[in-house]
Protein chains: 2
Amino acid sequence: MAGQHRAAASKARGPTADRAVGRRPRGTLNREDIVAAAFELVAGEEGVDGLSMPRLARQLGVGVTSLYWYFRSKDDLMAALTEEAADRLYRMLPDYRGRPWDEHLLRYFRDFRRVFLDNPALCDLLVLRAPMEARSPEATRRFFTLLEREIGALAEAGFPLRDAVDAYMTLSVYTRGCVLNERLFRSAEEQLGRGGERMPQPDMDSETFPLMAEAAMCWAPSFSTEEKFEAGVGFIIDGLRSRLAGYVNPL
Amino acid sequence: MAGQHRAAASKARGPTADRAVGRRPRGTLNREDIVAAAFELVAGEEGVDGLSMPRLARQLGVGVTSLYWYFRSKDDLMAALTEEAADRLYRMLPDYRGRPWDEHLLRYFRDFRRVFLDNPALCDLLVLRAPMEARSPEATRRFFTLLEREIGALAEAGFPLRDAVDAYMTLSVYTRGCVLNERLFRSAEEQLGRGGERMPQPDMDSETFPLMAEAAMCWAPSFSTEEKFEAGVGFIIDGLRSRLAGYVNPL
DNA sequence: ACCTGAACACCGTTCAAGT
DNA sequence: ACCTGAACACCGTTCAAGT
């Protein structure tokens with residue numbers, strides 16, 4: 001009876017909204033399913049902004065307030081969702097040990113960037129919203145397992161521990177900086193696109209801006225191309241190389 | 001009469017909320033004042049999240065809907081606010097021309113970072129929310145003036161234009177990556193602090209994580225110290241130095 | 001031209017109540 | 001123990017109306 005009532009109330013929303021017409025029987029709702037549904041929403045068209053408690057409840061065929069039995073607040077849910085995202089990220093990062101350290105780094109961070117670009121939801125949750133530290137002990141453990149492996153590779157290549165740590169983190173910070181840039185640039189484009197506008201092109205007459213006018217040909221807006229990303233990685237790896245040479249051959 | 005009514009309605013909110021008891025007379029409201037008040041709100045305790053149309057209207061002593069005469073939407077207002085923020089940023093960045101290029105870069109980006117750390121509002125508006133490109137032609141002009149100067153300094157030091165552009169952007173992306181990290185880390189700490197909790201410290205036994213356990217002493221959470229920031233800048237500048245040597249002395 | 005309040009659809013969260 | 005709807009305070013935005 002209650003089920004019919006609910007179905008009638010939502011009949012105007014089309015078939016997809018009715019996916020859970022037969023409302024969940026008791027005892028079948030749990031944290032995992034809620035997080036999974038939340039991730040589905042976030043990975044969908046609307047992104048992180050499209051995630052709301054009412055929407056999530058509708059997706060699950062459940063009253064909104066039921067969610068609060070499993071999560072104290074939306075923030076609490078977001079934390080769990082971030083865990084889930086971190087889990088997926090770690091599973092997607094390949095292991096390039098065995099190759100020369102510079103090639104290893106280049107490939108690793110190239111993939112690191114790719115994962116975020118291909119999965120905006122991961123980017124929003126892990127790059128834009130939460131620092132690495134705000135995770136459960138479990139997730140932190142996996143994070144440190146990864147670090148142990150990657151920093152170990154650098155140490156083996158001859159970097160003192162401190163430089164190995166700093167090198168990895170520098171590339172990580174730089175890469176996430178690129179990803180942030182690209183993400184913001186894309187959503188700005190999208191938003192303008194909806195309004196039919198174009199990104200304002202600066203009127204760069206070569207008298208007031210001689211260099212920038214000339215640079216236009218090697219300029220990528222928001223530094224957001226693979227080529228530009230690799231230019232930066234190149235500088236950093238060059239720096240590491242000369243540092244490495246300095247250890248064995250001090251002046 | 002209407003004024004008394006309004007004052008009575010808000011009497012429970014304390015003195016600061018009443019700052020504009022005598023509601024603004026007609027024709028005195030304008031875009032500049034609205035943006036200024038919005039910036040005040042955003043720079044205040046609550047930050048960007050604390051900015052809402054009703055709050056802003058209250059601050060100005062105006063009906064909420066009045067704001068919509070001057071701004072099509074909140075997004076429209078945010079765009080104007082971002083302009084304002086970019087304006088302030090550019091005014092705060094010092095000119096280090098005349099010094100050696102490497103010292104110039106180090107000092108410039110050290111200040112770049114400082115400005116964002118000292119002004120979280122600028123950070124939220126310019127680093128976390130909008131790409132450089134989504135600005136008015138006017139702001140873009142000022143942005144390119146800055147670029148012209150900074151990239152010019154690198155070109156004078158002997159870098160080909162393309163590398164000069166990439167070098168500046170790499171450091172800019174890296175620096176903003178650091179700022180992002182630090183900002184997220186701090187707000188996570190703050191949020192935990194409100195709940196009385198502490199950041200989860202990973203249980204790093206030195207058997208499963210030999211390197212990370214040893215690295216604990218040279219580890220900064222979220223890479224968020226000045227020292228760590230400069231370590232990364234050091235790598236990049238080293239890379240640039242070796243690149244520069246390669247131009248004049250190719251193998 | 002400028003400013004208003006009433007109203008709408010949405011949000012996060014609390015609470016007292018049901019089984 | 002688990003799930004519910006009613007209710008609250010808040011939000012962005014529209015609209016018809018006032019001067």
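Within every chain, numbering begins at 1; the chains are lettered A, B, ... in the order of the sequence lines, protein sequences first and strands thereafter. Side chains included, hydrogens not; waters and symmetry mates left out as well; all remaining heavy atoms used.
Rounded to a whole Å, the CG atom of Leu29(B) is 9 Å from the C1' atom of dC2(C).
For Arg91(B), the salt bridge (charged side-chain N to carboxylate O under 4.0 Å, His left out) partners at least two apart in sequence or on another chain are Asp87(B). Checked against side chain to side chain contact (heavy atoms under 4.5 Å, CB included), Thr225(A) has the following partners two or more places apart in sequence or in another chain: Ala220(A), Glu227(A), Lys228(A). Residues passing the side-chain hydrogen bond (donor to acceptor under 3.5 Å, both in side chains) test with Tyr168(A), sequence neighbours excluded: Tyr108(A). Every residue two or more places apart in sequence or in another chain that forms a side chain to side chain contact (heavy atoms under 4.5 Å, CB included) with Arg186(A) is listed here: Leu117(A), Glu182(A). With sequence neighbours excluded, the residues forming a side chain to side chain contact (heavy atoms under 4.5 Å, CB included) with Ala80(B) are Arg31(B), Val35(B), Phe71(B), listed by chain and number. Among residues two or more places apart in sequence or in another chain, the ring-ring contact (aromatic ring centres under 6.0 Å, His included) test is passed with Phe39(A) by none. Partners of Tyr174(B) according to the ring-ring contact (aromatic ring centres under 6.0 Å, His included) rule, which considers only residues two or more places apart in sequence or in another chain, are Phe229(B).
At dC3(C), one or more side-chain N or O atoms of Tyr70(B) fall inside 4.0 Å of OP1 or OP2 (strictly under the cut-off). Side-chain nitrogen and oxygen atoms of Trp69(A) include none within less than 4.0 Å of the OP1 or OP2 phosphate oxygen of dC3(D).
Across all strands, Phe71(A) comes closer than 4.0 Å to no nucleic acid atom at all (heavy-atom distances).
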All N/O contacts under 3.5 Å from nucleotides 9-15 of chain C to the protein, with atom names and distances to one decimal?
residue : atom : partner  : partner atom : Å
dC11(C) : OP1  : Ser52(A) : OG           : 2.8
dG12(C) : OP1  : Lys74(A) : NZ           : 2.8
dG12(C) : OP2  : Met53(A) : N            : 2.8
dT13(C) : OP2  : Tyr68(A) : OH           : 3.2
dT13(C) : OP2  : Lys74(A) : N            : 2.8

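Pairs of Watson-Crick or G-U wobble type, with distances under 3.5 Å, assemble into runs of 3 or more in DNA chain C at these ranges: C:4-8 with D:12-16, C:12-16 with D:4-8.
Side-chain contact annotation: Asn119(A) with Arg88(A), donor-acceptor N/O pair under 3.5 Å absent.
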